[in-house]
Structures are given as C-alpha cells and as structure tokens.
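As structure tokens, the structure follows; a few thoughts come after it.
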Amino acid sequence: SSKTLRSVSVDLNHDASLLIDIPDALCERDKVKFTVHTKTTLSSFQKPDFSVPRQHEDFIWLHDTLVETEDYAGLIIPPAPPKPDFDSPRDKMHKLGEGEATMTKEEYTKMKQELEAEYLAVFKKTVQVHEIFLQRLSSHPVLSKDRNFQIFLEYDQDLSVRRKNAKEMFGGFFKNMVKSADEVLISGVKEVDDFFEQEKTFLLDYYSKIKDSTAKAEKMTRAHKNIADDYIHISATLNSLAADDMTANKKNLEKLSDLFEKFRKVEGRVASDQDLKLTELLRYYMRDIQAAKDLLYRRARALADYENSNKALDKARLKSKDIPQAEEHQRQCLQKFDKLSESGKKELTSFKGRRVVAFRKNFIEMAELEIKHAKNSVALLQGCIELLKSN
Amino acid sequence: MAASSDRNPPPFPTAEESEPGLCDMADADSDEGEDIFVSNSNPVSVSRGVSQPDRVSEEPSDLFSEEAASSTAAKANGVHSDDDNDLFADTNVELSTDKSSSSARKEPSGPRHASTFTPSPAAMQPTSLEQLEEEEAKDSFDVDVAVTNPEKIGDGMNAYVAYKVSTRTSLPMFRSKVFSVRRRFSDFLGLYEKLSVKQSLHGCIIPLPPEKSVVGMTKVKVGMDDPSSVEFVERRRAALERYLQRVVSHPSLLQDPDVREFLEREDLPRAVNTQALSGAGFLKMINKASDAVNKMTIKMNESDTWFEDKFQEVENEEQQLRKLHVVVDSLVIHRKELCGNTAVFAKSLAMLGNSEDNTALSRALSQLAEVEDKMEQLHQEQAASDFFIFAELLGDYIRLLGAVRGCFDQRMRAWQRWQEAQSTLQKKREAEAKLLWANKPDKLQQAKEEITEVTVAWEARVTQYERDFDRIGMTVRKEVLRFEKEKAKDFKSQIIKYLEAMLQSQQRLIKFWEAFLPEAKAIA
C-alpha cells in the first residue's frame, strides 16, 4: 500500500490549507506521467480541488527555479527527485526473455511475476519520491508561497513550453556554480560563527559517510533479491524431480519445493522492505544533506562577497574614490550575509529534527517488518518440518 | 551397547543459551563444518575440542574416546597421535607425543544411525520419541564410524592429510568394540578400488568416495590455515565420513574383509594405482559404458522392462539433480555475497553512527550496525548449511546415481558374456556335427571325444553365465529397491536438518531485531 511508502519524510502534508498528493501515475514507454492532486483553502489558487498531469522534467524545472531564486538562498531547497529508473528490471526482463528456453513454463512465469513486482516497486518508489518533494515544498512557510510552485500545481497546460523559456532565462548559472561547489571554499572561509563551524564539519563528514552507507545498503538489498530468485529455480527444479519420482522420496521433494516457493516470496518482501526503509531512507537524507551543504556553500559565497566588499571599501577609502557606492555595496553584502545566516541557522536546526524523526520512524518500521517476515518464515519452516516428520 | 541416552546430543546452542560452557559442548557435537564459517573471533569455536574432561567423565561410554592401546599404534604409524586441538581453532598443527591427552579428545559427532545413509554429524537432531525408537532399531545393526581430526603430515609437495577413522561396534567379527586408526585419502580410494572389482559384489551399488582434487590438495600442501583450505578439508572429511557410513551400512559390504581391514588394521599397505579410480574416473568409465549399452541393439527378454524403465528413471533423476545442484551452488555464492555485503554495510553504518551528532540517533545507528553484524553471522551459518547439507547431499546422490548406472552396466556385461558363450557353444556344436558327417567311422570316436570335452566345457560355462546373469539381475533389483528406500530416508533427514538449521537462524534473527526495537523507539 502506498501509505507505508510515505515514510522517508514525516510531518508533511498535515496542513489542511494546502494538501498535495500523487494519487496515481502512468507508465508510458518508461516515461512516467504523474497526476498531481491539490486540495487547498488558500485564495491564491483558482480552485479548491484540482489535478494536473506532470512529467519528471517538470519537477526538475521547479527545483531548479527555486535554487536559482536569490531570495531562497538561505533555505534548504528540498532535493530534486531522481529520474525514474527502470533500467534494472528492464535488463532483467530482457535476460529472462533470452533464457526462456532453458526453463520450465512454471519457472518462467514465476520469474516474470518477480520482475513485474520489481517494476511495480520501482514505480512506487518514484511516485513516493516525487510526492515527497512537493510535500516538502507545501509544508515550508516560505517555499509554499512561491509563484512557480503555484504554477506547477495549477497550470493546466503543458509545462514544457514554459520550461524551455525558463532555461533560456536563467541559463542555470547559479545552479552550475552550486554544482561545482568547491568544498575548499566552504572549508577555506574563516568562520566567525561557532554554529556554522560545527555544522560545516558535521555535514561534510556526515555526507561522505551516508553516501557510503547508501551504496552499501543497496548492494546488500541486491544480494537478497538474488537469493529470492535462486529460490524460484530451486523450487521449480524440485518440482520437476518430484513429478518424475515414483519412490517414497516424492513427498519429501514436493514439500521442499512448496516451501521454497513460499520462501521466495518472503525473501522478496524482506529485500524490498529493506530497500524502502533503509536504502531509500539513507539515499533521501544523503540528498537532503547535499541540499544543506548547498546552503552552506551559498552562505560561504555571501561571506566571501562581504569580505571582498570590505576590501573594496578600504581601497575606495584609500583612493578617496566612489566611497558611497562601496559603502552601499558593503552594506548590502552584509545584509545578505546576515539574512542567509539567520535563515540558514533556522533551516539547519529544523533539518536536524526532521532527520532524527525520520530515522526513528523508519528504523522502527524496518525492525517490525523484519520480525514479521522472520515469524512468517518460522511458521513456514515449522509447518514443513512437521509435515516431513509425520510422513 | 550404550544406552541410547548417551547418544542424545546436547541442545543446539541458541541465543537463549546463556551458559558458555554448555554452548561449547553443544558446538562440539555440531557439524564441524559450521566451525569454519563462524568468525575467527568467536571464542566458542576456539574452545572446542580442547579438553572437556567434565563431559568425558559424565558419559562413561564416550564411545569414541581413545584407548591407550591405539595410541601406541598411532605412534608406530609415524603419525601424530592425539593432537586433539580442534584443527580449525588452532592454526598451528603441532606434533604431539602426549598420550594422556585422550581426555581432551573431542567427541567427533552426535548420534549415529548406523544403517541409514544419514551422513554428517548432526547435533541438531532433536531427540523425539521417533528418533529414539529408530536408534533402538539400529542398535541391532551396530556399526558407527566417524572420520575426524584431519592433520597435515609432512611438508611441501609430499605432504598429505591423515584422518582419524573411529569405529564403534558390537559385532563379534571385529577385534574390539571401540577402536580407531589413521587413514589418508588414497586409503579410501584404495578401499573403493578393491570393492569395485570384486566379482562377488557385482550388481551391488558400491558407494563412491569423494573426488580427487589437485587444486584443493595443493592449497592444503601450501598451508592449512586459510579459509578455503579449511573449507576444503572439512568438506572432504565430511564426505569421507558419509562414504564410510554408507559402506558399513551395506549388509554385503560390511561382511567384506577389505572393509574390516580398512577399519581395523593399524598398518594399512599404501594403495597404489588410484589414479583411474577416483570417483570421477570411475564415473567417466560408467558414462562411456552406459553410452555403449544404449547403442547395443540386442533385444532382451520381458522382465527387462523393469530394468529399462528403471535405468531411464535413474538417468532422468541424475540430470535433474545436476540442474538443482547448479542452482544450489549459485545460492551458496549469493548467500556468501550477502554475507560480505552485510559485513561491509555494518561497518559503514557504524562509521555513520560515529558521525551522527544526535546522541540517541547515534546510539541507534551503532546498535543497528551491531544487528547487521549479527545478521552477517547468521548468513554465514546459513551459507555453511546451504553448502554442507544441501549441496553436498545433491552431490552425493548425483555420484551415487552414477554408481547405480554402473551396476546396470555390470548386468549388461553379464548378459553379454552369457550370450557370447551361447553363440560359442553353438559354433562348437556345429563343428561337432560337421565332424560327425565328415569323418570316417574309425577316426570318429577319437574326434568325437575331443569335441565333446570342449562342448561340455562350454555348456558348463553357458550354464554358469546364465546363473551369474540371473544372480546379478536379482542383486541389482534388490540393491535398487534398497537404495531408493535409503535415499528417501536420507533426503528426509537431511532436509529436516537443513530446515531446522534455518529455523534456528530465523529464531535468532527475531531475537536480534526484537532487542533492537526498543533502541529505535528510544530515539528522540
């Protein structure tokens, strides 16, 4: 159920003035069309309840425009959802097709079922992550009021035309700057504020660690899936053996085949739950921390600008030339820097809280699911052992 | 004979076992194979095999404990005697002349079911009433064998591994009730060679020893310490044990003097010419023979449909088992991968926990890392189970089915021999008739006498070969039915063992996560 999927971030979508969800989506030749549904009491919207179709690129456009907006420089911009990636199940489906001749019809059907489940899981994941992006925006006091956000939610024509125009306008300048964020710049700038000094150290370190954990969690999940697939083949081969067996061994083989068939479903569930609760959690917060780092970068940039403006002012004073302009420039830089620092502090503090809550929720759910699946396995095993012994 | 209560294994260690001592004892009985996969830092595995004097005194008939007598013989063999340190715990193999370490002898295995194909030691067998009754029944057939304590003898390329072969029996044909000898791999092959060429055993399904492995042995010759060598030696040891158990549980083979000699004789002459006679070599011969048999266009009589059908069944089954074996091998690989990935992930998560600045979350991350570490352990044990129980079961039966085909082949040869003798007899008779027509009466008598001798001899041969053929046919039928019965029992018990191991694993998993849950809830 999609409810259990909405777990990576919490405390979203509770404010009745603006409720957003993605109730369904269509997959057309690997292009996903999301239905974005909005329910609102705000007068800024034309209707109280409406839906629009959106593509992944529309979400990226929205994210990028937010990043480019100067006014939001002091905010953590929610990370853009990653592109829907059906490569893995698609490749597997292809390989399955090639290997069809080598397996029994039953085996083939089961493998196909597993792959379809995998497709579905990828699909659900991508819906979730796009939905959360929007919900992060709608629950943010400042970002929820963004004009482009409203356009995204409301505009009932194809956004792609607007998107192209926007790209030409902004040229992705700031975004590229952020993308090539020089860690040296962040770490090189002399920090005046203890809070930010600590945050900087923490975020840089944490980012590399969580990135590592994400990659390793993914490998772990993949190994689980491989085992589930092996179980399918084992079950099918045992079944063939049992079918031809005319001796007392027949029953043993049948029971074992049956068990492995049930097991592969359990193992598959274990793998996908681990994927959702652990891997996806880590992956999401890795991206979120990158967004926080980006904020730090912008602030460092602003600090550098302020320091440069100081130098310029000194020079102007020395030369006794253009002093008022230099003073004004310096004042503006300071103001910008202060604004970024104030807003940044708030954002980073609430980010901490958000992270802790999300980890807690996911860890609890993961532990509960592991226990549930293991209890299921125990019951299956005990049942099979009983049957075998009673022979 | 020892009361069956002696053969009850100590309970298999679960997470509930708080007494480390008890755990040691339990582990001592459990599959040695488990040992390899338990991480080196596990203190339980290290303490195994080291002196457990309490246990020995509790069980007056610790049936496999060494008598003083055998230790002198062991010395005569030039082989170390009781270096009873668990090989896997103590990576230094030392020459020890200490006879008194008999008390340190490790009980190699749990209860044995003598007459079944039940292979490896299984401490995990629960002591249900059914099991006890089975053990009672088997007591009457009482021969238990164990293969333990692999030890590297010598150095460099001439090094080899010597195993301790222990027998416990009540049969009067043996010299004593409990005894042991040291044997090397080629001795086992030699035994197989002797058995397989015996005329009297034709038609019998002769169990196959494990295959030779140049790669495996080279690794061992270089050093027994690394994990792959340890795994190789354990795999071989377990396979040799199952091989011997199958031999002694076969009523005809048990009577064979070569088997007795193998089990009892201190100084066994080294087997030569074992090149062609590893299991693999024999199987190659069988496969060639089977093909030849299939190509023969000789028709056989009616009762043969049983044999034809059976042969086909056996071939099909072998094919399917091979297929299954391939998949189970793949499972083992994936399980080991999962193991490795989990360990790596656990470390990464621990680092993340260190980095985390929220105290409660940091602790939870560390704890989750510990849980994943424990999961790695579980996966390792499961991989061992997949390999040593499931995969080896399949491997054994693939080879045994080859042996079954072998005895069908022997029946075919017997039939051939009979047919050829018949046709030769026919020719002799024709020659005789011609002579009668061609010869003059005076020479006739002499010629007739000569021919008759030959003809009579051939008639006798034909009769003999026909009897042989019938006898082999009956033997094969009997053997196949016996084999099928034993196979069903073997599969059942091995599957149960495999599933019970999995069950233990899952139960421990539940405990680990249940312990973690409050930690997760405590995050604030």
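Throughout, protein chains are lettered first and strands after them, A, B, ... in sequence-line order, and every chain is numbered starting at 1. In what follows, every heavy atom counts, from backbone to side chain, and hydrogens, waters and symmetry copies are set aside.
- Between chain B and the options Asp212(A), Ile234(A), Thr201(A), the largest number of non-hydrogen pairs under 4.5 Å is found for Ile234(A).
- If you check the side chains of Asn226(A) and Asp229(A), you find no donor sitting under 3.5 Å from an acceptor.
- When heavy atoms are compared at a cutoff of 4.5 Å, Lys375(A) approaches chain B by way of both its backbone and its side chain.
- Most heavy-atom pairs under 4.5 Å with chain B: of the set Arg355(A), Met246(A), His233(A), this distinction falls to Arg355(A).
- Both the backbone and the side chain of Leu352(B) come within contact range of chain A, each with at least one heavy atom under 4.5 Å from a heavy atom of that chain.
- Considering only heavy-atom pairs separated by less than 4.5 Å from chain A, the leading option among Ile333(B), Leu365(B), Leu481(B), Asn316(B) is Leu365(B).
- Counting heavy-atom pairs under 4.5 Å between each of Leu380(A), Leu241(A), Leu238(A), Thr247(A) and chain B puts Leu241(A) at the top.
- Using a cutoff of 4.0 Å between basic side-chain nitrogens and carboxylate oxygens, Glu114(A) and Arg264(A) are scored as salt-bridged.
- Between Asp288(A) and Arg354(A), at least one side-chain N (NZ, or NE/NH1/NH2) sits under 4.0 Å from a carboxylate O, which counts as a salt bridge.
- The candidate with the highest count of non-hydrogen atom pairs below 4.5 Å against chain A, out of Val371(B), Leu517(B), Ile510(B), is Ile510(B).
- Using a 4.5 Å cut-off between heavy atoms, Leu321(B) contacts chain A through both its backbone and its side chain.
- Interface residue Leu324(B): backbone and side-chain heavy atoms are both found under 4.5 Å from chain A.
- For Leu361(B), the part lying near chain A is the side chain, with the backbone staying farther off; criterion is any non-hydrogen pair under 4.5 Å.
- Interface remark: Tyr207(A) contributes no atoms to any contact with chain B (heavy atom separation under 4.5 Å).
- Of all the listed residues (Asn354(B), Val326(B), Val344(B)), the one sharing the greatest number of non-hydrogen pairs under 4.5 Å with chain A is Val344(B).
- Residues Gln290(A) and Asp294(A) bring a donor and an acceptor atom of their side chains to less than 3.5 Å of each other.
- For the residue pair Asp275(A) and Thr221(A), no side-chain donor N or O sits within less than 3.5 Å of a side-chain acceptor on the partner.
- Both the backbone and the side chain of Glu356(B) come within less than 4.5 Å of a heavy atom in chain A.
- Salt-bridge check for Glu484(B) with Lys310(B): passed, with a basic side-chain N closer than 4.0 Å to an acidic carboxylate O.
- Looking only at atom types and distance, the side chain of Tyr498(B) has a donor-acceptor partner in the side chain of Asp386(B) under 3.5 Å away.
- By number of non-hydrogen pairs under 4.5 angstrom with chain B, the leading residue of Leu278(A), Asp245(A), Asp244(A) is Leu278(A).
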